[in-house]
Amino acid sequence: MKRELVKYLLLVAAAVSMPYFFSDGYMMNVLVFVGINTMLAVALNLLLGFAGQISLGHAGFFGLGAYISGVLTATHQVNPWLAMLIAAIAVSFLAFLIGFPILKLKGHYLAMATLGLGIIIYIVFNEAVDITGGPSGLSGIPNLALGSLVFDNDVKNYCLVWTFTIVTILLAVNLAHSRIGRALRAIHDSEVAARVMGVNVRLLKVQIFALSAFISAVAGSLYAHVMTFAAPASFGFHFSVELVTMVIIGGLGSIYGSLFGATLLTLLPELLRTFQDYDIIIYGLILILVTMFMPGGLVQGIPSLLGALLPKKKEGRG
Amino acid sequence: MLAIQGITQVFGGLTALDDVTFTINRNDITGVIGPNGAGKTTLFNIISGIYTPTTGTISLDGRNITKFPPERLAAFGMVRTFQNIELFGQMTVLENVMVGLHTKSRCGIISCAFKMPWHLHEERRIRETAHTWLRFCGIDELADTTAANLPFGKGRLLEIARALALEPQIIFMDEPAAGLNSRETMGLADLIRKIRDRGITVVLVEHDMELVMDVCDRILVLNLGKKLAEGTPREIQENPAVIAAYLGEG
Ligand SMILES: Nc1ncnc2c1ncn2[C@@H]1O[C@H](COP(=O)(O)OP(=O)(O)O)[C@@H](O)[C@H]1O
Ligand SMILES: [Mg+2]
């Protein structure tokens with residue numbers, strides 16, 4: 001428990017100090033996306049890393065959060081905070097309803113079903129032109145504001161998004177170290193034994209699916225109000241796959257792993273810009289190397305790499 | 001307390017259990033024996049709600065529980081262990097038992113995520129109770145070991161500790177002595193008696209005849225899915241049909 005507190009305080013300290021290191025807007029802007037992607041990766045990790053249930057449709061929940069919040073505020077002048085809340089509740093309710101039939105499926109079948117769900121949502125974004133603006137997107141989404149403080153530049157957006165990110169991480173870590181977190185990991189290891197121990201596996205899977213969708217929708221709403229714009233291209237199948245990659249690269253079942261995974265996959269394309277045409281090859285190579293040599297993800301791989309380099313230092317699990 | 005009535009289970013063309021009727025008495029240690037493939041595990045799977053039988057009923061103190069899923073039976077105090085150990089391999093020994101206390105705790109997603117005071121209190125109680133059960137089974141010193149790394153015999157004990165954490169009224173153990181050495185088996189016999197002395201009804205499937213004859217009050221013999229005999233260990237040892245079946249098997 002002490003270790004958890006230390007890790008968390010380190011994270012908060014790092015997050016608070018970022019604006020002092022990077023005074024230019026560009027890096028702050030990138031870090032806004034690191035924050036949003038971290039929330040999404042943590043949300044997906046609760047489902048994938050803890051309960052062991054795949055979803056290839058999370059970009060859809062993310063997009064629904066963005067569009068519901070966007071349409072309510074841009075078209076219907078609803079207060080942005082209220083819109084965020086409505087979006088999150090609506091999306092998690094939808095996930096709850098869909099969860100019952102869909103989460104009966106296992107493995108590849110669940111992957112296919114959630115993939116289909118994501119694709120349907122994506123098609124709706126494109127086709128419901130009257131509501132969403134179709135492929136050209138929805139513009140004129142207002143920024144969030146607290147009284148006279150309007151979150152309208154990169155540094156303010158950074159503070160806004162990372163407040164949410166840090167709270168999400170705290171809640172997820174708490175959940176991971178509770179009877180719910182244990183029940184989820186139990187489902188992952190032996191579903192039948194979890195049931196015999198009295199865990200209502202079916203309900204818990206659906207609840208965690210809904211929670212995961214809730215967090216994703218909040219991230220989507222933040223995204224919409226930060227960008228003041230939403231277009232279907234950001235919520236396609238490839239982004240769902242990217243989220244799964246973040247969770248796996250970071251470390252399945254580790255909340256901080258998701259932070260590392262999201263950070264790496266968001267920063268990497270930016271850092272590799274200097275390599276121009278070769279960036280995508282180097283990006284792919286790094287992913288392959290990490291999965292080959294760090295099977296537990298960055299969160300286990302980096303400490304053991306450091307351990308190998310500094311053989312004296314004692315190692316603990318991340 | 002538990003009445004098994006006319007249970008038949010058909011898998012495709014294979015009749016794994018054929019019209020089995022049997023009653024388990026409260027606070028007895030009951031043994032279920034029979035050659036491999038006799039249908040013992042299938043019977044446990046049906047009683048524990050993992051399978052629904054093709055025909056027949058199971059009732060607990062007069063209540064029909066045939067169609068209850070395992071998680072519901074857990075709330076009624078029915079629990080089991082598995083022939084092919086089903087531990088939560090990536091979790092520690094202590095955490096495994098803490099999952100066994102799932103029905104003994106209430107906090108939901110929200111109070112866990114926000115670390116409500118009652119959640120912290122409950123968490124402390126779960127942890128302490130889990131240690132108590134580990135001590136009861138004599139594996140408390142392994143509390144922080146990852147379950148997948150346990151030696152086989154300790155894994156069997158952990159399955160029992162985890163099941164006891166539910167404070168069941170009846171526990172079903174599927175071949176708890178399989179893979180144990182003779183010293184471990186003797187320890188197991190003591191543990192089984194200790195469990196019964198806590199007022200828990202014990203039902204076990206076992207191949208180790210010495211253990212069965214030693215600890216059991218009553219025995220059910222299955223052969224090819226049919227009930228071959230039932231009675232006290234002495235009656236079973238002298239039953240000609242049982243002797244024939246066992247000698248026949250070689
Ligand atoms: N899920 C299943 N599907 C098909 N056949 C099964 C299944 N479970 C058990 N059987 C068959 O039922 C018979 C009894 O098996 P089992 O109950 O495991 O025997 P025992 O535990 O007495 O050794 C075996 O022939 C086995 O192959
Ligand atoms: Mg068996």
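Scope of the values below: all heavy atoms of this structure, side chains included, with no hydrogens, waters or symmetry mates. In the text below, chain A, chain B and the rest are named by the order of the sequence lines, each starting its count at 1.
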Study note, to complete from the structure: CZ of A:R179 to CD of B:E122, rounded to nearest 0.5 Å, is 6.0 Å
Check your understanding: Using non-hydrogen atoms only, which part of A:L211 is less than 4.5 Å away from chain B: side chain, backbone, both, or neither?
Key -> side chain
Practice item. Give, as side chain, backbone, both or neither, the part of B:R162 having an atom under 4.5 angstrom from any heavy atom of chain A. Key: both
Study note, to complete from the structure: B:F114 meets the ring-ring contact (aromatic ring centres under 6.0 Å, His included) criterion, sequence neighbours left out, with none
Exercise for review: Assess whether atom NZ of B:K67 is packed by more than 12 heavy atoms of other residues, nucleotides or ligands within 6.0 Å.
Suggested key: no
Exercise for review: Mind ranking A:V192, A:N200, A:I208, A:I187 by heavy-atom pairs under 4.5 Å with chain B and telling me who comes out on top?
Suggested key: A:V192
Point to revise | A:F100 CZ: over 12 foreign heavy atoms closer than 6.0 Å | key: yes
Exercise for review: Look at B:E86 together with A:R195 and state whether they make a salt bridge at an N to O cut-off of under 4.0 Å.
Suggested key: no
**Study point:** Proximity breakdown for A:A176 and chain B, heavy-atom pairs closer than 4.5 Å
**Key:** neither
Review point. Is any side-chain heavy atom of B:E71 closer than 4.5 Å to a side-chain heavy atom of A:L204?
Key: no
Check your understanding: Between A:G181, A:A186, A:A183, A:A194, which shows the greatest number of heavy-atom pairs under 4.5 Å with chain B?
Key -> A:A186
Revision key, fill the gap. Per-residue tally against chain A (heavy atom, under 4.5 Å) across B:C112, B:A74, B:S48, B:G89 peaks at B:C112
Practice item. Give a yes or no on this: more than 12 heavy atoms of other residues, nucleotides or ligands lie within 6.0 Å of atom CZ of B:F152. Key: yes
Study note, to complete from the structure: Checking heavy-atom separations under 4.5 Å from chain A, one finds in residues 100-109 of chain B B:G100, B:H102, B:T103, B:S105, B:R106, B:C107, B:G108, B:I109
Review point. Measuring heavy-atom distances to chain A, does B:E95 have an atom under 4.5 Å in its side chain, in its backbone, in both, or in neither?
Key: both
Practice item. Please assess B:Q90 against A:L252 for the test side-chain contact (heavy atoms from CB on, under 4.5 Å), listing each intermediate value before the final yes or no. Key: CA-CA 12 Å; B:Q90 301 308 307; A:L252 285 163; over 6 Å; no
Practice item. For atom CD1 of B:I110, decide whether the heavy atoms of other residues, nucleotides or ligands shown that lie under 6.0 angstrom number more than 12. Key: no
Review point. Do you know which two heavy atoms are closest between A:D189 and B:F88, and how far apart they sit?
Key: OD2-C, 3.2 Å
Exercise for review: Kindly indicate whether the side chain of A:M197, heavy atoms from C-beta on, has any atom under 4.5 Å from the side chain of B:V79.
Suggested key: yes
**Study point:** Region of B:E159 that comes under 4.5 Å of a non-hydrogen atom in chain A
**Key:** neither
Review point. Who in residues 40-53 of chain A is close to chain B, using a strict under-4.5 Å heavy-atom cut-off?
Key: none
Check your understanding: Distance from A:S190 atom OG to B:I85 atom CD1, nearest 0.5 Å?
Key -> 11.5 Å
Practice item. For atom NE2 of B:H121, decide whether the heavy atoms of other residues, nucleotides or ligands shown that lie under 6.0 angstrom number more than 12. Key: no
Study note, to complete from the structure: residues 160-174 of chain A vs chain B, non-hydrogen distance cutoff under 4.5 Å, contacting residues -> A:L171, A:N174
